[in-house]
Amino acid sequence: MVAELIEGKPIAERMKQEVKSAVENMPEPPKLVSVLATNNPGARYYAKSQQKACGEVGIEYELHDTEIIGDRKDTESLQEYIQQLNSDRTVTGILQLMPLPDNVDGRAVQREIAPEKDVEGIHPANIGRLFYGDFSLSPCTARAVIIMLEDFGIDLEGKETVVIGHSEIVGKPSVVMLLRSVMHSPTVTCCHIATKDLTSHTKRAEVLIVAAGKAGLVNGEMLKKDSVVVDVGINRIKVEEGGKKKTKVVGDVDFDSAKEIAAAITPVPGGVGLVTTAMLLNNIIECARRQ
Ligand code: NAD
């Protein structure tokens, strides 16, 4: 049997449609401002995709790059810039693009964003709310994982669920969100770089969420039969196809071997990433609502 695909597109499209309707019912369109303090090509690419996604649903988008923010390249001056955006009533949401120069304390800059303008849901005040089951402004990727599982219709109660990765933006918030219900939560194990014998955990997992950033970390032999696999990883690898070298985007799970064992699996690309973007748009609506 080949695993069912849990595709991101239909879920993301539905979410975007909801955001579009919400925007149409607002007196003014909300505005997202992304701050870019370096010339990192990856961050610029990410900014472009944000702009495109915002445009699709009628959200205004501004990229404040070095042309606008000038030579603000240290923690304090970037924090001051964020404070200005916080008090600008025309700005609904703020996103600090990473990476920042080495001398900058990125967390300190991100923490300066007012909780009600924190579109990425990473301010300590919003992260704290997750503990009490309030996901209204939550980290986009972790929330996307939960939404995809919900959409697939899986009953998580008591299920052996393994999360690989314990980063602040994906792994840890996913664990907290999975444990939201006092009575009906899955049993969650969080594996990470120091985990011994990863396979002993993945083999038990009825639900497996992989967010490590390592192509091929998990393969079919490591899976429990008929498990549900959510692959968060995004890795660019070099492959040779038809004698030509190409760059290919793959997840952390070896899709071909995993699909033979799992009951369902999210593809990469076309899975969690699409829902993550839709979640960012959804968070802008929540920012507008809180203001
Ligand atoms: P990170 O580097 O901050 O964290 C990686 C985590 O994986 C750490 O907790 C680490 O302990 C764990 N890990 C690394 N190697 C491991 C190993 N061999 N065995 C077990 N655990 C291991 O990364 P992140 O920001 O959490 O992102 C993880 C992946 O998800 C990356 O590929 C990233 O590109 C991707 N990502 C995807 C989206 C999306 O929209 N789909 C969004 C954010 C991140």
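Being a predicted model, the structure only gives us computed values, none of them experimental. Numbering of residues begins at 1 and proceeds along the displayed sequence. All ligand and atom numbering here is 1-based and tracks the order in the structure.
Taking a cut-off of under 4.0 Å to the non-hydrogen atoms of Thr276, the atoms of ligand 1 that pass are 39 (C), 40 (O). Residue contact check: Ile164 has heavy atoms under 4.0 Å from atoms 20 (C), 21 (N) of ligand 1. Close approach of ligand 1 to Lys214 (heavy-atom distance below 4.0 Å) involves ligand atoms 14 (C), 15 (N). The atoms of ligand 1 that sit less than 4.0 Å from any heavy atom of Leu217 are 17 (C), 18 (N).
Ligand 1 lies within reach of Ala211, whose nearest heavy atom is under 4.0 Å from it. Residue contact check for ligand 1: Thr195 places no non-hydrogen atom closer than 4.0 Å to it.
Annotation for Ile59 and Pro30: closest pair CG2-O, 3.6 Å, computed over non-hydrogen atoms. In terms of heavy-atom proximity, Asp105 sits nearest to Thr75 at N-OG1, 3.0 Å.
Backbone and side-chain nitrogen or oxygen atoms of Ile234 are examined, and one is located within less than 3.5 angstrom of a nitrogen or oxygen of ligand 1. Polar contact check, Asp252 against ligand 1: no nitrogen or oxygen pair lies under 3.5 Å apart. In terms of N/O distances under 3.5 Å, ligand 1 is not approached by Gly165.
Selection from Ile193, Thr266, Ile169 by nearest heavy atom to atom 25 (O) of ligand 1 gives Ile169. Residue Ser167 holds the heavy atom nearest to atom 24 (P) of ligand 1 of all those in Ser167, Ala215, Ala142.
Shortest contact from atom 21 (N) of ligand 1 to any protein heavy atom: His192 C, 3.1 Å. Looking only at protein heavy atoms, the nearest one to atom 31 (C) of ligand 1 is Gly213 CA, 3.5 Å. Protein heavy atom in closest approach to atom 43 (C) of ligand 1: Thr141 OG1, 3.6 Å. Closest to atom 7 (O) of ligand 1, if we only count protein heavy atoms, is Ala212 CA, 3.2 Å. For atom 44 (C) of ligand 1, the nearest non-hydrogen atom of the protein is Val170 CG2, 4.1 Å.
Note on Arg89 versus Glu116: no salt bridge recorded, every NZ/NE/NH1/NH2 to OD/OE distance being 4.0 Å or above. Ionic pairing of Glu240 and Lys244 is not present here: no N-O contact between side-chain nitrogen and carboxylate oxygen is shorter than 4.0 angstrom. In this structure, Lys16 pairs ionically with Glu56, as a charged nitrogen and a carboxylate oxygen lie closer than 4.0 Å.
The side-chain heavy atoms of Leu32 and Glu62, taken from C-beta on, include no pair separated by under 4.5 Å.
For the side-chain hydrogen bond (donor to acceptor under 3.5 Å, both in side chains) test with Glu112, the passing option among His123, Arg107, Gln79 is Gln79; the others fail. Between Glu160 and the choices Arg204, Lys203, His201, the side-chain hydrogen bond (donor to acceptor under 3.5 Å, both in side chains) rule is met once, by Arg204.
Side-chain polar atoms of Ser136 and Arg290 form a donor-acceptor pair below 3.5 angstrom. Using modelled atom types, one finds no donor on one side chain facing an acceptor on the other under 3.5 Å when comparing Asp74 with Asn103.
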Walk me through whether Tyr61 and Ser34 qualify under side-chain hydrogen bond (donor to acceptor under 3.5 Å, both in side chains).
CA-CA 8 Å; Tyr61 183 83; Ser34 291; 3.0 Å; yes
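For atom 2 (O) of ligand 1, the protein comes within 4.0 Å by no heavy atom at all.
Within the 4.0 Å heavy-atom criterion, both parts of Val232, backbone and side chain, lie near ligand 1.
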